[in-house]
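I have placed the structure first, in the form of structure tokens, so that the comments after it can refer back to it.
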Amino acid sequence: MKFTTDIVIGLEIHAELDTQTKLFCSCATKGNQQPNTRCCPICLGHPGTRPVLNKKALDYATKLCLALGSKLTKEIVFSRKNYFYPDMSKNYQITQFEEPIGTGGTITLKTGRKIQLTRIHIEEDPAALAYTHGMKNSDSVLVDYNRAGNPLVEIVTEPQLTSPAEARDFLNRLISVLGYLNIFDITRGIIKADANISLKESNYSRVEIKNISGFKEIEKALTYEITRQKTQLRRGLKITRETRGWNPTSKTTLSLRTKETEADYGYILEPDLSLITLTDELIHLMKKEIPELAQQKSERYQREHKLSKEDADVMSMELELAQLFEKVATKIDPKLAARWLRRELLRVLNYNKKTTKEIQFNEKEIIELLSLVQTNTISETTAQKLMEQLMEKPFSPKEHIKKHNLEQVTNEKEIETLCKETIKEHPQAVKDYHAGEQKSLHYLLGQIMKKTRGKAEPTKTTKILKKELKKKEL
Amino acid sequence: MTPTTKTPSKKEIQNVLKECETHNKKHHCFTTLCKEEAQKQKKAKGTLSGIYISVKDNICVKDVETTAGSHILKGYLPKFDATTIQKLKEEGATIIGKTSCDAFGFGSFNTNVGKGFSIPKNPHDTKRTTGGSSGGSAAITQLATFPHVSLAESTGGSIACPASFCGIIGLTPTYGRVSRYGLIPYANSLDKIGIMSKKVSEIEPILKVISGFDEKDGTSLKEPLNLNAPKKLRIGIIKESYAKGIDPEIQKALKSILTKLKQKHTITEISLPLTTTYGVACYYILATSEASTNLACLSGLRYGQELPKKNKGFNSYFTEVRTKSFNQESKRRIMIGTFTRMAGYRDAYYIKATKVRTKIIQEYKKAFKTYDVLISPTMPFIAPTFSNIDKMTPLQNYLSDILTVGSNLAGLPHASIPIGKKEGMPIGLLAITDHLKEGTLLQTLKEIEALQ
């Protein structure tokens, strides 16, 4: 392959499919957190047991391939990936090698660039290892098989990403698709990646970073690795083809092995799982279950609601937010709705460290709130406060403002009285304002807002205050 | 064996086990006798009440030591019954013990037993092999005087070979006919659980019970057991049966049976050149490739003998466990199987063998367009003596499977039935039918049995 960009990044992403039961047995994929409580002879690999494919996992992976434009294989086959490691009771992992479920496909980035996918395949998760004193200092390792056998999809990209930020955008977009298809549980958020990265300066010598957990970590690991490689090159050192591990604690990568000692997995076909044909009926059924995805929604929002690309992108990225937006936009000016949901709702969610899945109120409250804003009944300041309060406990904004007398003061006579009073009470500020101190105007406005608990309509108040101040100057 | 439909009394079970112990002293048929388990088993009333069943040691019986004849699995107590065992128990059968086999089924003479296990002796001559790998099952089937059948298993001929050497009937059904859940795998795409008995009539009731789809084994077949058979059989005698290397006396016995069969059925010669030429090589590549991955779990971590001290890295730990506990033949097959799927060799061996296997299946399928049943000797020679086996090279050893690997590779139902003797030792005939044609196979066996 011929590369031209300064940085070349390829990703292998593992996402856990949100099925009730494991890939090859009927153990629960979630629930009891006590180690080794969710396992059975099959996921523990007892000699004599056999894997039986979870059809739900196949459905989910099929949907993902269809959504990403991956070409589906006709027959599903699995392979044994053989290597000795304490996290695998069988000492082989059941995965897809020869023939993945999906080949090709694309994800379109924010910038409009299309990133090609190499393949999508299904595999089982190994067990979790726990080191009591860290990997280096422990003299033993504990194995928890609760996770063993959970269904994963691995999505492999072509080396077409050109920066850590692009890699992160790619992941965001992938998670968006997984979320829309309802096949991935973001709250458990188990997404892992191996990344390969190479720089033009080193003549694209490829370094692979293994086992990065969480998509924020992926960006960090890539950024670190670029800096490390650039520093090496500046010092006149060579970048060697190798596999490195990401240490999330020290935020560094460290060498695991060089390419010469690369593992040979001796793949064979998994003989216990007979060939499964992906029928046209199943594909048709799965196709029907694919909803309008983020990208299509964004395009539609721009077209139908005249939203800016940025607003439309944010509104459509997550299914829950998009659904909320669409409901609100039936009653409220879509542009106003988008602006408020994007700025205020997301700000409040961020502050509370919550996701859109965890919002307790529904569109009814938001519509009420925004119609109050749209009709100028309440001030933006009041609306912002109400949004914050809604996050704690749902209530009717309409009743709330009546009860607490929060309606915006728009009566010009009333505002004039307020301005006159305030001017009287703060002579020094008035003097400063007349001396050219613009800050004093804001101070006086602040005082009016304080008096009215933010209810005074800001545009009118500013206008009237200025008028009254001018009178005083004479 | 006539089904008694009477649940056996404590005393009856005791007598059966006592007899087994006596046989075991001389012939080493069992690795474990279910002295307590046989009594404790809940005796359901069913079509197999009063029938005693011995089980090859690679089939899991809950809470009964199951080692697959290996040292490394010594002490392994399965937490579940194999589906076949569960079904047999539900029909009232009594499980009496686990029978001796080559460790993991790796052998044709049952001499590759694990460290600490005894090699079973042929009931006709204790200086000779029972055949393998289901040798213990074949021996006890020949010796038992009580109503008995044995549950055995074949990967490349492990039922037919010992059945032939011990002079009993050994039937291997279509691949997938019987659930493999609970069978410790040798080579999953080849392993088949089957039945050994003294009389043909004893097979059918057992086959009916253990056949059928099992949701725990995705390769088990949904098609129901079909016991229909044509009255007049179109018999194909495999031409290669008369090749050099096949004992002339065995060829003679075969010819004499064929003469009798000819009176009622049509017999013509058929050649299976591909199977005969490439069968053994193809079989040993595929079987060892799969076997070497199956045995990977025996690393002394979750499964396999643990070392007293675990104060070393995982790699050196499991290496020591495996070096100490696997016998020579297991190591040989792990090494062959690891080699054949290694990057750089995989395409030339493993992948090629999967393709050859498809060709072999096609060769048989073509033959079954004109034949109901194919016939050959089961083994090229009668049960060899242990001293002769010692002189054989591993390759000669593997080549003794030449007549049995084909039907095993193709997953075809086949059975060995005694048709005569040489020097007092039984001679076996191998009958092969098309997939799912167990009925035709049983019919063939009945016809041959009636001739003697």
Side-chain angles (χ1 to χ4, degrees), chain A residues 23-26 36 39-55 58 76-94 97-98 127 129 135 138-143 145 148 262-276, chain B residues 58-60 66-68 73 76 78-80 82-83 176 179-185 187-191 214-221 286 289-290 292-299 301-304 310-311 314-315 317-319 322 337-346 350-351 354:
Chain A
L23 187 53
F24 298 119
C25 65
S26 53
N36 298 312
C39 36
C40 71
I42 298 169
C43 55
L44 289 173
H46 281 213
T49 59
R50 317 260 162 230
V52 174
L53 181 66
N54 178 348
K55 292 274 164 39
L58 184 61
I76 300 290
V77 280
F78 285 90
S79 290
R80 292 179 176 179
K81 180 180 181 177
N82 302 284
Y83 59 101
F84 283 80
Y85 207 69
D87 67 357
M88 289 192 304
S89 57
K90 303 188 292 287
N91 281 321
Y92 61 77
Q93 180 192 27
I94 304 178
F97 175 66
E98 241 90 8
L129 295 182
M135 197 167 172
S138 302
D139 55 4
S140 66
V141 61
L142 301 170
V143 189
Y145 291 91
E262 197 171 28
D264 174 7
Y265 296 117
Y267 289 95
I268 62 162
L269 299 171
E270 170 51 84
D272 278 334
L273 292 160
S274 54
L275 225 61
I276 298 155
Chain B
N58 58 358
I59 299 168
C60 291
T66 299
T67 65
L73 267 174
Y76 176 59
K79 293 282 144 230
F80 56 92
T83 300
S179 165
R180 289 181 296 114
Y181 188 79
L183 170 70
I184 295 179
N188 319 52
S189 74
L190 293 150
D191 296 345
D214 177 12
E215 57 178 24
K216 290 184 193 147
D217 174 6
T219 63
S220 62
L221 298 170
L286 291 178
S289 293
E290 292 181 23
S292 60
T293 70
N294 285 323
L295 296 190
C297 69
L298 306 174
S299 60
L301 188 69
R302 287 201 61 83
Y303 312 106
K310 295 196 180 67
N311 56 350
F314 179 59
N315 287 0
Y317 173 76
F318 81 71
T319 306
R322 291 163 71 83
T338 306
F339 175 77
T340 51
R341 57 187 171 81
M342 249 167 75
Y345 300 97
R346 191 172 173 271
Y350 174 69
I351 296 291
T354 61

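Here is how names work: the chains are called A, B, and so on, in the same order as the sequence lines, proteins then strands, and each is numbered from 1. The structure presented is a predicted model; accordingly, all values stated were derived computationally and were not measured.
- The residue among B/Ser289, B/Ser189, B/Ala343, B/Gly218 with the most heavy atom pairs within less than 4.5 Å of chain A is B/Ala343.
- For the pair A/Glu98 and B/Arg346, the salt-bridge criterion is met [side-chain N within less than 4.0 Å of a carboxylate O].
- When heavy atoms are compared at a cutoff of 4.5 Å, B/Leu183 approaches chain A by way of both its backbone and its side chain.
- Residues passing the salt bridge (Lys or Arg N to Asp or Glu O under 4.0 Å) test with B/Arg180, sequence neighbours excluded: A/Asp272, B/Asp217.
- Across A/Asn82, A/Ile268, A/Val52, the residue that shares the most heavy-atom pairs under 4.5 angstrom with chain B is A/Ile268.
- Heavy atoms of B/Asp191 lying under 4.5 Å from chain A are absent altogether.
- Across B/Thr293, B/Thr340, B/Ile184, the residue that shares the most heavy-atom pairs under 4.5 angstrom with chain A is B/Thr293.
- Atom CD of A/Gln93 sits about 8.0 Å away from atom OH of A/Tyr267, to the nearest 0.5 Å.
- Atom CZ of A/Phe24 and atom CG of A/Asn54 lie 9.0 Å apart (nearest 0.5 Å).
- In terms of non-hydrogen atom pairs under 4.5 Å with chain A, the most contact-rich of B/Thr354, B/Leu73, B/Thr219 is B/Thr219.
- For A/Tyr92, the side-chain hydrogen bond (donor to acceptor under 3.5 Å, both in side chains) partners at least two apart in sequence or on another chain are A/Arg80.
- In this structure, chain A has no heavy atom under 4.5 Å from any part of B/Tyr345.
- Interatomic distance, CG of A/Leu44 versus CG of A/Asn36, reported as 7.0 Å (0.5 Å rounding).
- The contact between B/Tyr181 and chain A is made by backbone and side chain atoms together, counting heavy-atom distances below 4.5 Å.
- Both the backbone and the side chain of A/Leu269 come within contact range of chain B, each with at least one heavy atom under 4.5 Å from a heavy atom of that chain.
- Within the 4.5 angstrom heavy-atom criterion, only side-chain atoms of B/Ile351, from C-beta onward, approach chain A.
- A distance of 15.0 Å separates CD in A/Glu270 from CZ in A/Phe97, rounded to the nearest 0.5 Å.
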